[in-house]
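Quick caveat: nothing in here was measured; it's all calculated off a predicted structure.
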Amino acid sequence: MTNSAKPTEIPTKKPAYSQNFARENAAYNREWFKDLQQRVKGGEPFAYVHINVPLEIFRAMGINVVVNQWWSSVVGAKRKTLRYKNMLKERGYRDNMCDYCSSGLASLMETDPEEAPWGGLPKPTVIVSGKGCSAVEKIFDLFSEEYGIPHISVDVAASPISISDVVSDLSENWDKYYDQRQITAYVEQYRDLIAFLEQHTGQVFSYSKFREIMALANEQETYYQKIRDLILQSQPTPLNIADQLPATVIPQWHRGTEWARDRAKLFYDNTKAMVDAGEAACKEEKFRLMWLGVGLWQNLGFYDHFRDNYGAVFSWNEYLALAADGYRVASNGDPLETVAARMVNVMTVVRNDQWYLDQAIAGELDGVVLMGLGSISEGGTCGYSFSRPATTVSLLKRAGIPVCEIQGDPVNPARFDEVGLKAQIGKFIEEEVAPWQAAGRPLNNLK
């Protein structure tokens, strides 16, 4: 790779594969959602849940389920976040509620079918939040009060272990590292969740179905591991972040289904075919970057600016990497213990500073762009699951890796200065990334 960072127009044509694959996933999701609306109208139960709630339990009970943050990304992509924020304000809600987690509450206030994303969110039968963020808990409480919907919360916690030397072993042998008391506590709360769902939906939990779903989910995550590793090992990068996200995230919210498993396999097969054929997100790639933070659902085209003008590709994103190292856990025979280990593992990995450093080194990345989300008191997006502590930035910088900290919002355009952020990241590439790469990416000894 060359080390010049001078902005130049680099003609880049996206591979037909990436365009078609993303469109196919999006088309499936829209049709699935349309079918969901009809099923809910027909009387089927529907759960609206926080991102850290195990979807596999709902699938084993035949309960339709939508993830809060996933729905917020749809609202953001359709540029309806400000409309819904104003609806909440008009109804007397605080003006600084977290935009990422309040879209579901606001969606049910929509009266214009022409304005409703994908026809609108059906009224849930139950809602399930994840403890850990007080803002999320309060929003779901308000959701329950506003619409009379039964609400239950489940714990969201990381294990206090250092994963720097064991991450490759965690997924296969998690029971060697995680405290059995923590796993048992999770199992008990999931039993309470199942009882709550049986009471309020009339559906019955099936262990045999649950085992099938867990096996499908783990097979899916294993493909993501292979994809993540393939992308990190390939230079130039086969897929930019805007192509990786829809290929990863949409099947993730359907994990535990044959469709999701098959799409993950196709994602791997197609990515490998691209690498074998020498295709790349940017043929004249100069810089490989890490995007640390929530995907820009309101503006995925933002990333193309740096590819086209700097030859900078965002090779790494935590959605794909977390699928590979967080959601992938081997069965120990008890599916409830296994799903408990999955949720503990996700939070343990995503909140471990060393993991990000190891990933940056493994992928020979030239720099990190970390998107801060603002404070909750100012209406910033949920910080518990998606923000990164100062220790993460400190570790990366102490290792010598260039880090650019920006402030933005994944769904609210009023909190995203596109022009200013493009200039800030461009300057970062020119003045920090390029010199560090030219020097051979020197790393400091942190021992």
Would you check if [X] and [Y] make a side-chain contact, meaning some heavy-atom pair closer than 4.5 Å?
X	Y	result
Cys101	Gln69	yes
Val204	Met61	no
His305	Ile425	no
Val49	Val66	no
Tyr356	Val350	yes
Tyr224	Arg328	no
Pro150	Gln199	no
Thr125	Ile149	no

Once rounded to the nearest 0.5 Å, what's the spacing between atom [atom1] of [X] and atom [atom2] of [Y]?
X	Y	atom1	atom2	value
Asn352	Leu357	CG	CG	10.5 Å
Ser72	Lys80	OG	NZ	15.5 Å
Ile227	Asn270	CD1	CG	9.5 Å
Cys98	Asp409	SG	CG	8.0 Å
Lys209	Ile57	NZ	CD1	15.0 Å
His254	Asn29	NE2	CG	4.0 Å

Hydrogens and angles aside, do [X] and [Y] bring a side-chain donor and acceptor to less than 3.5 Å of each other?
X	Y	result
Gln180	Thr184	yes
Ser129	Ser153	yes
Asp99	Thr81	no
Arg39	Asn64	yes
Glu145	His151	no
Tyr100	Asn412	no
Asp325	Gln225	no
Tyr93	Glu146	yes
Thr237	Arg288	yes

Verify whether the ring centers belonging to [X] and [Y] lie closer than 6.0 Å.
X	Y	value
Phe205	Phe210	yes
Phe287	Phe306	no
Trp71	Tyr48	no

With a sphere of 6.0 Å drawn around NZ of Lys422, does it hold more than 12 non-hydrogen atoms of other residues, nucleotides or ligands?
yes
Any chance you could lay out the side chain to side chain donor-acceptor pair (under 3.5 Å) test for Gln220 and Arg263, step after step, and finish with the verdict?
CA-CA 8 Å; Gln220 176 182 345; Arg263 294 303 289 182; over 6 Å; no
What are the two closest non-hydrogen atoms of [X] and [Y], and how far apart are they?
X	Y	value
Ser73	Val411	CA-CG1, 4.4 Å
Ala242	Leu300	CB-O, 3.7 Å
Ile51	Val67	CA-CG1, 3.7 Å
Ala312	Ile429	CB-CD1, 3.8 Å
Tyr178	Ala341	CE1-O, 4.4 Å
Ala360	Ile401	CB-CD1, 3.8 Å

Under a 3.5 Å distance rule, please check whether [X] uses its side chain to pair with a backbone N or O of [Y] as donor and acceptor.
X	Y	value
Asn317	Trp291	no
Lys123	Val40	no
Asp353	Leu395	no
Gln37	Trp118	yes

May I ask you to decide whether [X] forms a salt bridge with [Y], counting only side-chain N to carboxylate O separations under 4.0 Å?
X	Y	value
Glu56	Arg255	yes
Asp304	Arg307	yes
Glu31	Lys34	yes

Is there a salt bridge (charged side-chain N to carboxylate O under 4.0 Å, His left out) between Lys397 and Glu405 once you walk through the steps?
CA-CA 11 Å; Lys397 287 184 175 180; Glu405 297 180 74; 3.5 Å; yes
Checking ring-ring contact (aromatic ring centres under 6.0 Å, His included) for the pair Phe302/Phe416: CA distance, chi angles, key distance, verdict?
CA-CA 11 Å; Phe302 177 79; Phe416 188 78; 5.2 Å; yes
Test ring-ring contact (aromatic ring centres under 6.0 Å, His included) on Trp253 and Trp259 and set out the steps.
CA-CA 11 Å; Trp253 302 142; Trp259 178 85; over 10 Å; no
Derivation and outcome, salt bridge (charged side-chain N to carboxylate O under 4.0 Å, His left out), residues Arg342 and Glu221:
CA-CA 11 Å; Arg342 173 172 289 154; Glu221 308 309 320; 5.9 Å; no
Report the C-alpha separation of Glu110 and Arg83 in whole Å, then their side-chain angles, then the decisive distance to 0.1 Å, and conclude whether the salt bridge (charged side-chain N to carboxylate O under 4.0 Å, His left out) test is met.
CA-CA 9 Å; Glu110 182 62 81; Arg83 174 181 173 84; 2.9 Å; yes
Describe, in one word, how the ring planes of Tyr186 and Tyr190 are oriented to each other, choosing from parallel (under 30°), tilted (30 to 60°) and perpendicular (over 60°).
perpendicular
Assess whether side chain to side chain donor-acceptor pair (under 3.5 Å) is satisfied between Tyr327 and Asn218, documenting all intermediate values.
CA-CA 8 Å; Tyr327 284 93; Asn218 208 52; over 6 Å; no
